Amino acid sequence: MTPFGYECRPLGDSGLVIQLGTSIEVSLLKQIRQLAVYLEKNRFEGFIELITAYTTITIFYDSMLVYSYNLAQNARGKARRNGITNSLLPYDIVLQHIETLMAQYVQQENESQMSELGNIVDIPVCYGGCYGPDLPDVAAYHQVSPEEIVRLHTSSVYPVYMIGFAPGFPYLGGLSERLATPRKSEPRTKIPAGSVGIGGAQTGIYPLETPGGWNLIGCTPLALFRPDAHPPSLLEAGDRVRFVSIPSEQFEQLRERKQDDGL
């Protein structure tokens, strides 16, 4: 690690991983979110996309574009003036770009406060019944009532650490130890979109119909992933989720409204 606390390594022939820590922490989430915004605003030629995770930021790039652009810049003498050498490896070129940006970022960070986490997004959830068939089992496991499980689940604000597994699937932190429940021994082959579950020490929302082994305690009528929207994911890393319990009547009304709107 450098004094700033990051290190870079290649990922295949067209990716670079920035490692910012080794443990899952809200303070690190803030740093990753802030740095990701900065890097997005300072894209280089050949930059494809940026993906954040618990402790890393991964940048994917077009190796040929990076290489050809660097050759053109060197021909004009611009790349050398900017500290970019005539390297034959696209990764080395990207690495020098990133190190330059990181040095600028550290200077700016020292001059200003880190931004707070992102938006608080309320997720309406109908708990139990056909919407959350495993709620009684989770309550029995913890030897409390289903109502207590719902109360505990809706009493926290959960930071979104990353999006993965399926498009729009949020990896949430902050689940109470009083709710942690082992995954099901036999996963379901189909879980309805919008299902809210608990798996081990995590809680999350299935944005699409997929297989899964989490305990389903409720369901939301909201669409977490819309490929035609920008951004397509309702939640982003750095956001915070607050679950709000709603009755089945309200769930059906919201779902019908979503269908009428073509969502």
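The figures here come from the full heavy-atom set of this structure, side chains too, leaving out hydrogens, waters and symmetry mates. Predicted, not measured: the structure shown is a model, and the values here were computed from it.
The closest donor-acceptor contact from the side chain of Thr154 to the backbone of Val150 lies under 3.5 Å. At distances below 3.5 Å, at least one donor-acceptor pair connects side-chain atoms of Thr181 with backbone N or O atoms of Leu179. Without hydrogens or angle criteria, Asp239 side chain to Asn119 main chain gives a donor-acceptor distance under 3.5 Å.
For Trp214 and Phe165, the gap between ring centers reaches or exceeds 6.0 Å. Annotation: His153 is in aromatic contact with Tyr158 [ring centroid separation under 6.0 Å]. The aromatic ring centres of Tyr171 and Phe169 sit less than 6.0 Å apart. Two rings, from Tyr105 and Tyr38, have their centers less than 6.0 Å apart.
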Worked check of salt bridge (Lys or Arg N to Asp or Glu O under 4.0 Å) between Asp134 and Arg188: CA-CA 12 Å; Asp134 298 325; Arg188 292 180 171 89; 2.8 Å; yes
Side chain to side chain contact (heavy atoms under 4.5 Å, CB included) assessment of Ile57 paired with Ile51: CA-CA 6 Å; Ile57 297 175; Ile51 298 176; over 6 Å; no
Trace of the side chain to side chain contact (heavy atoms under 4.5 Å, CB included) decision for Phe243 with Ile205: CA-CA 11 Å; Phe243 293 108; Ile205 312 165; 3.7 Å; yes
Worked verdict on Val244 versus Ile123 for side chain to side chain contact (heavy atoms under 4.5 Å, CB included): CA-CA 6 Å; Val244 179; Ile123 303 293; over 6 Å; no
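Considering Thr56, Thr58, Thr55 in turn, Thr55 is the only one that fulfils the side-chain hydrogen bond (donor to acceptor under 3.5 Å, both in side chains) rule with Gln19.
Pairing each heavy atom of Tyr127 with each of Ser245, the nearest pair is CD1-OG, 3.7 Å.
Within the 4.5 Å cutoff, no side-chain heavy atoms of Val241 are placed close to those of Val157. Side-chain contact between Leu28 and Ile24 is absent, with no heavy-atom pair separated by less than 4.5 Å. Looking at heavy atoms from C-beta onward, Leu20 lies in side-chain contact with Leu35 at the 4.5 angstrom threshold. In this structure the side chain of Arg151 never reaches within 4.5 angstrom of the side chain of Ile149, judged on heavy atoms.
The distance from atom CD of Glu40 to atom CD of Glu49, rounded to the nearest 0.5 Å, is 9.0 Å.
Between Arg178 and Glu148 there is a salt bridge, since a side-chain N of the basic residue sits under 4.0 Å from a carboxylate O of the acidic one.
The hydrophobic cluster around Leu65 extends to none of the other residues, as no ILVMFWY side-chain heavy atom falls under 4.5 Å of it.
Among residues two or more places apart in sequence or in another chain, the side-chain contact (heavy atoms from CB on, under 4.5 Å) test is passed with Ser63 by Ser14, Tyr61, Pro90.
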